Amino acid sequence: MLLGTLALAPLLPLAGALRSANGELPSEVGIAPKRVAVIGAGAAGASTAYHLAQNAQNASIPTRIHVYERSSRAGGRSTTVNAWSDPSQPIELGASIFVSVNHILVAASKAFNLTSANEQSYAHEDIPELGVWNGEEFVFVMEGDGSWWDIAKLVWRYGYAPIKTNALMKKTVGKFMRMYEEPVFPWKSLSDVVAEVGLVGTTGVTGEQFLKEEGVSDKFANEIVQASTRVNYASNLATIHGLETMVCMAANGAMSIAGGNWKIFDKMLQSSPSISTHLNTSITHISKQPDKTYNITISSGEITQYDEVILASPLQFSKLIIGPPPQHTPDQIPYVKLHVTLFASPHRLSPASFGLADDKRVPQHVLTTLHPSEKDASDSESGPGFNSISIVASGTNNLASPPRPEYIYKIFSFHPIDAAFLSRYLGQPVSDDEAETGDPDGHVSWVYRKVWHSYPKELPRITFDEIVLDEGLWYTSGIEPFISTMETSALMGKNVARLVVDGWVGKADGREPVLKDQDWEDWRFEGAKEEGQKPLKARL
Ligand SMILES: Cc1cc2nc3c(=O)[nH]c(=O)nc-3n(C[C@H](O)[C@H](O)[C@H](O)COP(=O)(O)OP(=O)(O)OC[C@H]3O[C@@H](n4cnc5c(N)ncnc54)[C@H](O)[C@@H]3O)c2cc1C
Ligand SMILES: *[C@@H]1O[C@H](CO)[C@@H](O)[C@H](O)[C@H]1NC(C)=O
Ligand SMILES: *[C@@H]1O[C@H](CO)[C@@H](O)[C@H](O)[C@H]1NC(C)=O
Ligand SMILES: *[C@@H]1O[C@H](CO)[C@@H](O)[C@H](O)[C@H]1NC(C)=O
Ligand SMILES: *[C@@H]1O[C@H](CO)[C@@H](O)[C@H](O)[C@H]1NC(C)=O
């Protein structure tokens, strides 16, 4: 079946690809189309294919783009599962949110007419929106529907720290946004562009150091910013870099797509007849040929030849071999192993399990931070035994008799969530079987577990993996230790798409980066670069 698909696929998109922007067939019919393989149909791979098809069409270059995906769906780490196996109840299992400054995702959602999901509030049940738990007490609780920054209470407890942090976040995001625009965009080297936009001093230090230098109080850093880095990147402030810390605070205009964020990437792949997507298809080998093309091998053993290959997955998880070795081989880096547990229950979380009086309600989103006694813990696994518990939706459990309304919860943790944990936090006796599989009429009616290599441990660093691994061989995942989000993977895909087509039309060498950043000198960057890609723990 697979062979059939592959044999036909090259012919089908050709008719569309041969048409130029105004729909005319190019005069030189018979011109060999450019052959591109994209490995991985996540945010990075889908965005590469989408933008490449557009750029190639604009340049009137016939192009055949084959996207290979080993799983049975597009979206990668953006995926949903159905609560109670009910297709009307999709729940995000991976990447759940993007924000209004995420221009690529926002523009694509509009272009594809996707609707954003409504965030549910439980204010009518007197459930506060958010609380930060340190294992002993809630150090902060946000009651209402106001925005994160719009809370007098924050100022009351933390003085100017929230305002300072907000200003710092805006300044940092402003530098990052330059990476979208000419003349900075497109960039051939992430290490160079990070220096050019002035972010080396932000990625090179821990969040803790960065906030301290900027005069943000320890109290605000520990209680609010760290709660955010723990829920977003499973990391304490001592082990995450300053830029990713600021990304965690850039939550304005948070949104998600109704039915699942993966729809954006699925639509990108369907956007052009020059793109064909091969699901259930693993790539096992990439091999450079003497004529500078690449042969890639799929799991069935079939070999296909391409002019350009884009690897749009972390190499270390892709189970493929590049041989002979390319000029640059991406580093193996530590990723977080995150347990995501979804479950449904008719019960609210037990106030007693959080030291609250019986008539109090546990917040909808329980974030966590370190207890003061753990202040010097450098280990990200310290803390109250989980990173967050949230009510992410509510719905009707139609498997119960009679059907009943329930809450759907999501837990992020470093360890499996067992019956004892669920019994404690629901304040109900949950049996081992129930915790494992759910009991439609029980205290826990549905359970779904997934262990992800969710994102890199975002340690401070000042250099990043190469984008051009070799002539005609491109790599997107080097952006993840800089920022790991759907948007940044999509941005890298758009960047690679542009570099590829610039290469075809003879703009291959581009411009040299302009090094404006004072930090550049301060960091004695060249020396650090030669040392390799070692994460730095502190300023040199
Ligand atoms: C629990 C969780 C929560 C997150 N929360 C957010 C969030 O709220 N907002 C946000 O923006 N980001 C979030 N992220 C991060 C975000 O999911 C990632 O940064 C982003 O999706 C990475 O996209 P990618 O395309 O680079 O990689 P991936 O999504 O990993 O895509 C790579 C694809 O390549 C395929 N592949 C790999 N090897 C091969 C091969 N040999 N042959 C064929 N196919 C192959 C894989 O199957 C996969 O589909 C979260 C991640 C997790 C896990
Ligand atoms: C393609 O060309 C059109 C019209 O010139 C332009 O609006 C669009 O931005 C271009 N797209 C890309 C991806 O360059
Ligand atoms: C991929 O495989 C799954 C089962 O593993 C199957 O259900 C699905 O139809 C397959 N999809 C394609 C496009 O072949
Ligand atoms: C989106 O909707 C608008 C109007 O509702 C329509 O004109 C447009 O064609 C739609 N686009 C897509 C991609 O469906
Ligand atoms: C590479 O692929 C081409 C076309 O499929 C084939 O002719 C050639 O023999 C392949 N080379 C190797 C080394 O497998």
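Counting starts at 1 for both ligands and their atoms, following the listed order. Position 1 is the first residue of the sequence; numbering continues from there. Values below: all heavy atoms of this structure, side chains included; hydrogens, waters and symmetry mates excluded. Here the structure is a predicted model, which is why all the values come from computation and not from measurement.
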Going by heavy-atom distance to [atom], choose the closest among [options].
{"atom": "atom 5 (N) of ligand 1", "options": "Ala95, Pro456, Ala254", "value": "Ala95"}
{"atom": "atom 6 (C) of ligand 5", "options": "Ile303, Asn295, Asp291", "value": "Asn295"}
{"atom": "atom 34 (O) of ligand 1", "options": "Ala74, Gly40, Ala46", "value": "Gly40"}
{"atom": "atom 9 (N) of ligand 1", "options": "Ile97, Val336, Asn280", "value": "Ile97"}

Looking at side-chain heavy atoms only, is the closest gap between [X] and [Y] below 4.5 Å?
{"X": "Trp504", "Y": "Thr63", "answer": "yes"}
{"X": "Met179", "Y": "Leu190", "answer": "yes"}
{"X": "Trp446", "Y": "Glu406", "answer": "no"}
{"X": "Leu199", "Y": "Phe482", "answer": "yes"}
{"X": "Leu426", "Y": "Val444", "answer": "yes"}
{"X": "Gln327", "Y": "Leu473", "answer": "no"}
{"X": "Trp187", "Y": "Val197", "answer": "no"}

I need the minimum non-hydrogen distance between Ile286 and Ile39, along with the two atoms involved. CD1-CD1, 3.7 Å
Heavy atoms only: give me the nearest Thr369-Pro384 pair and the separation to one decimal.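 Heavy atoms only, the tightest pair is O-CD, 3.6 Å.
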Examine the proximity of ligand 1 to Thr284 and report which part, side chain or backbone, both or neither, has a heavy atom under 4.0 Å away.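 It is neither part, as no heavy atom is under 4.0 Å.
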Under 4.0 Å, heavy atoms only, figure out whether ligand 1 is touched by the backbone of Ala312, its side chain, both or neither.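 The answer is the backbone of Ala312.
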Who's the nearest protein heavy-atom neighbour of [atom], and how far?
{"atom": "atom 48 (C) of ligand 1", "value": "Glu69 OE1, 3.5 Å"}
{"atom": "atom 41 (N) of ligand 1", "value": "Ser318 O, 2.7 Å"}
{"atom": "atom 13 (C) of ligand 5", "value": "Gln289 OE1, 3.4 Å"}
{"atom": "atom 23 (O) of ligand 1", "value": "Ser489 OG, 3.5 Å"}
{"atom": "atom 4 (C) of ligand 5", "value": "Gln305 OE1, 3.7 Å"}

Which of the atoms in ligand 1, numbered in the order shown and given with their element, are less than 4.0 Å from a heavy-atom of [X]?
{"X": "Gly94", "value": "1 (C), 2 (C), 3 (C), 4 (C)"}
{"X": "Ile39", "value": "40 (C), 42 (N), 43 (C)"}
{"X": "Ser454", "value": "51 (C), 52 (C), 53 (C)"}
{"X": "Leu320", "value": "41 (N)"}

Between His453 and Phe317, how do the two ring planes meet: parallel, tilted or perpendicular, split at 30° and 60°? parallel
Fit a plane to each ring of Tyr68 and His278, take the angle between them on a 0 to 90° scale, and name the class: parallel (under 30°), tilted (30 to 60°) or perpendicular (over 60°).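 Parallel.
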Proximity flag [X] to ligand 1, non-hydrogen atoms under 4.0 Å:
{"X": "Asn232", "result": "no"}
{"X": "Tyr68", "result": "yes"}
{"X": "Lys319", "result": "no"}
{"X": "Ser282", "result": "yes"}

By number and element, which atoms of ligand 3 are closer than 4.0 Å to a non-hydrogen atom of Ser72?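 Once the distances to Ser72 are compared, the set is 1 (C).
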Number the atoms of ligand 3 from 1 as they appear, then name those within less than 4.0 Å of a heavy atom of Asn280, with their elements.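 Listed by number with element: 1 (C), 2 (O), 3 (C), 8 (C), 10 (C), 11 (N), 12 (C), 14 (O).
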Would a line drawn from the ring center of Tyr294 to the ring center of Tyr306 be shorter than 6.0 Å? no
Indicate yes or no: does an N/O atom of Thr304 lie under 3.5 Å from an N/O atom of ligand 5?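 No, no N or O pair falls under 3.5 Å.
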